[in-house]
Colleague: 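This is the structure, below, for whatever I ask next.
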Amino acid sequence: MKVTTIDLEGPPDPTRFVREGGFLLQRGSQFVAGIGSALTLEITLADPSSVSRATEVLVSLDSKELPPLAVGALPFDPQEVGRLVVPTLAVRCIDDRWYALVCEDGLADDERGRHSVLLEPTGRDPDLAWTAAPSNTVGPTEFVITPELPAEEWLESVRLTRESLSERCRKVVIGRTIRVRSDRPFSAPDVAARLRALAPGCTLYAVDGFVGATPELLLERDGRLVRTMPLAGTAPSAKDFGEDPTAAALLGSAKDREEHRITIEAVHQRLLHFCSWVDEQVEPTVTKAGPALHLGTLLSGRLSDPPATALQILSSLHPTPAVCGDPRQEAAAIIRRVERSARGPFGGPVGWVDAEGDGSWWVGIRGAVLRDREAIVWAGVGIVRASDPWSELEETRLKMRPVISALVRP
């Protein structure tokens with residue numbers, strides 16, 4: 001398969017890719033987008049040989065200029081088979097220059113014309129494109145919102161989880177699922193545009209019907225440098241960021257600091273396995289994500305020689321204690337006991353990787369899986385010994401609020 005690189009005059013409109021059924025990962029004015037499927041790679045993160053095979057296939061693609069890339073929304077369960085897609089057309093920015101990667105093999109004439117339209121420069125900041133993105137569909141007007149578990153049953157699952165904790169198993173993340181049914185199909189572009197407005201500082205993603213705005217960076221690899229910023233510890237935002245009294249309360253919360261420290265210690269150790277050094281912020285900072293505030297700590301490191309690829313690091317980091325618990329195996333066993341159904345992509349990695357091993361992966365949270373007239377919404381909470389079931393229920397509602405608002409807003 002031959003991959004051709006095209007220099008672009010400027011950034012295209014990211015909304016076009018979502019409207020045409022493609023994928024998008026966007027933070028501010030920077031984004032990676034694409035459309036079509038030239039090649040699908042199966043991958044199981046828990047299987048090192050599967051990770052190696054996917055990397056080998058990417059490297060084998062015929063590209064004499066920029067490295068081809070693949071995108072995916074992988075399952076939360078690393079034992080499940082996920083898929084990476086090499087798009088027929090991908091767009092990315094490197095060193096402030098915009099490029100298109102086109103898989104030429106088997107590309108139909110109508111697709112070539114479609115690509116040329118998608119690649120036209122937007123003429124504006126890509127971050128502002130969503131404000132001028134009109135809906136081309138008549139959206140739903142009637143909704144039925146149903147929790148997978150009644151509140152009392154879910155509260156009991158929190159109590160059972162808390163009772164399962166031990167000196168060894170200090171934290172478990174359990175989820176709550178809501179189903180939203182409507183009278184008309186949900187529109188991915190409309191949901192994405194609303195989420196972008198409701199959570200402007202987050203990374204917008206739309207991959208294979210999974211649409212959301214996540215605040216949490218799981219992994220970024222750029223050559224020898226690697227970064228991650230786990231989030232753990234949550235509070236509602238009372239005011240605009242910078243003037244919020246709850247930010248100080250969150251930083252001073254013993255329960256949230258414990259939950260956060262468990263996550264950072266585990267991520268630090270896993271990252272150190274691949275690096276000659278790893279630095280972390282001395283104190284966590286407060287990150288705003290829509291109506292929620294989170295404790296976050298940036299970790300950065302330099303990869304040892306030979307440098308591990310983004311997929312290799314990803315297979316070690318995921319799932320972090322921020323979405324699973326610690327230790328990983330014990331927490332996963334409790335999750336299987338108390339959650340009714342598999343999470344699918346919720347809490348899983350969503351992002352991209354290229355043939356040189358670079359890539360960016362985010363935690364698939366604050367989103368919805370869109371299936372025609374049904375949308376599935378999930379939120380997880382970290383349970384430690386000090387957790388209060390009613391407070392944890394309110395936290396799931398807080399985290400779901402922007403997503404449900406994006407779904408049901410007329």
Side-chain angles (χ1 to χ4, degrees), residues 45-46 75-80 145-180 216 230-236 250 253-267 292-295 317-348 363-369 375-401 403-404:
L45 287 178
F76 164 76
D77 187 346
Q79 302 285 346
E80 290 184 15
I145 301 175
T146 309
E148 188 175 59
L149 281 179
E152 278 300 333
E153 288 188 40
W154 191 83
L155 290 168
E156 183 59 25
S157 71
V158 174
R159 297 185 189 102
L160 290 172
T161 301
R162 192 177 57 189
E163 292 169 4
S164 300
L165 299 176
S166 63
E167 294 255 341
R168 173 170 167 76
C169 188
R170 301 176 293 164
K171 174 185 176 180
V172 177
V173 177
I174 62 169
R176 182 165 173 258
T177 301
I178 298 288
R179 295 179 185 273
V180 182
E216 187 167 2
L231 304 181
T234 303
L250 180 59
S253 166
K255 179 262 182 186
D256 290 291
R257 292 291 288 252
E258 177 193 7
E259 183 184 341
H260 187 73
R261 178 41 48 187
I262 290 169
T263 298
I264 299 307
E265 287 175 356
V267 171
L293 302 177
H294 302 288
L295 291 179
L317 284 185
H318 175 75
T320 72
V323 291
C324 181
D326 185 68
R328 182 185 288 174
Q329 290 186 342
E330 286 86 340
I334 294 172
I335 290 169
R336 286 192 292 269
R337 287 203 303 269
V338 300
E339 291 191 8
R340 285 281 181 92
S341 56
R343 293 183 183 178
F346 291 110
V363 182
I365 52 176
R366 314 300 157 78
V369 172
I376 303 171
V377 184
W378 178 93
V381 287
I383 307 302
V384 294
R385 287 187 181 276
S387 293
D388 171 67
W390 282 102
S391 296
E392 301 298 346
L393 179 63
E394 286 304 313
E395 185 175 321
T396 66
R397 291 168 174 164
L398 176 72
K399 291 175 175 177
M400 289 180 177
R401 189 186 305 161
V403 184
I404 293 177

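The residues of the chain are indexed from 1 along the displayed sequence.
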Colleague: Sequence neighbours left out, what passes side-chain hydrogen bond (donor to acceptor under 3.5 Å, both in side chains) with Glu216? Give chain and number order.
Modeller: none
Colleague: How close do Asp326 and Ala266 get, heavy atom to heavy atom, and via which atoms?
Modeller: OD1-CB, 4.0 Å
Colleague: Taking atom CG of Leu231 and atom CD1 of Ile264, what is their separation to the nearest 0.5 Å?
Modeller: 8.5 Å
Colleague: Calculate, to the nearest 0.5 Å, the distance between atoms CG and NZ belonging to Leu250 and Lys255 respectively.
Modeller: 9.5 Å
Colleague: Between Gly380 and Glu395, what is the shortest heavy-atom contact and its length?
Modeller: O-OE2, 4.4 Å
Colleague: Using the test salt bridge (Lys or Arg N to Asp or Glu O under 4.0 Å), find all partners of Arg385 that sit at least two apart in sequence or belong to another chain.
Modeller: none
Colleague: As an exercise, state the distance from CG of Leu149 to CG of Leu155, rounded to the nearest 0.5 Å.
Modeller: 10.0 Å
Colleague: For Val158 versus Glu392, what's the shortest heavy-atom pair and its separation?
Modeller: CG1-CG, 4.3 Å
Colleague: Does the side chain of Phe76 come within less than 4.5 Å of Cys324's, by heavy atoms?
Modeller: yes
Colleague: Side-chain contact test, heavy atoms from C-beta onward, threshold under 4.5 Å: evaluate it for Val369 versus Phe346 and give yes or no.
Modeller: yes
Colleague: Quick check for you: to the nearest 0.5 Å, what is the distance between Ile334 atom CD1 and Gln329 atom CD?
Modeller: 12.5 Å
Colleague: Please determine if Arg170 and Glu265 form a salt bridge, counting it only when a charged side-chain N lies under 4.0 Å from a carboxylate O.
Modeller: yes
Colleague: Would you indicate whether the side-chain heavy atoms of Thr161 and Ser164 approach each other to under 4.5 Å?
Modeller: no
Colleague: Say whether, by atom type as modelled, one donor and one acceptor occur between the side chain of Ser157 and the main chain of Trp154 under 3.5 angstrom.
Modeller: yes
Colleague: Between Glu394 and Arg397 (salt bridge meaning N to carboxylate O under 4.0 Å), is one present in this structure?
Modeller: yes
Colleague: Flag the pair Arg159 and Glu156 as a salt bridge only when some basic side-chain nitrogen lies within less than 4.0 angstrom of an acidic carboxylate oxygen.
Modeller: yes
Colleague: Minimum heavy-atom separation for Ala379 and Lys399, please, with both atom names.
Modeller: CB-CB, 4.0 Å
Colleague: Taking the side chain as everything from C-beta on, heavy atoms only, tell me whether Ile335 gets closer than 4.5 Å to Arg343.
Modeller: yes
Colleague: Please enumerate all residues that pass side-chain hydrogen bond (donor to acceptor under 3.5 Å, both in side chains) together with Glu148, with sequence neighbours excluded.
Modeller: Ser341
Colleague: Restricting to non-hydrogen atoms, name the atom on Ala292 and the atom on Thr234 that form the minimum distance, rounded to 0.1 Å.
Modeller: CB-CG2, 4.2 Å
Colleague: Identify, with sequence neighbours excluded, every residue that meets side-chain hydrogen bond (donor to acceptor under 3.5 Å, both in side chains) alongside Arg168.
Modeller: Glu330
Colleague: Could you pull out all residues at least two apart from His260 that satisfy side-chain hydrogen bond (donor to acceptor under 3.5 Å, both in side chains)?
Modeller: Thr297
Colleague: Distance check, rounded to the nearest 0.5 Å: Leu393 atom CG versus Leu398 atom CG?
Modeller: 11.5 Å
Colleague: For residues 171-178, tabulate all N or O donor-acceptor pairs below 3.5 Å that involve a side-chain atom, not counting sequence neighbours.
Modeller:
unit_1 : atom_1 : unit_2 : atom_2 : d
Lys171 : NZ     : Thr263 : OG1    : 3.0
Lys171 : NZ     : Pro321 : O      : 3.1
Arg176 : NH1    : Thr396 : OG1    : 3.2

Colleague: Taking C-beta and beyond as the side chain, do Glu153 and Arg340 meet within less than 4.5 Å on heavy atoms?
Modeller: yes
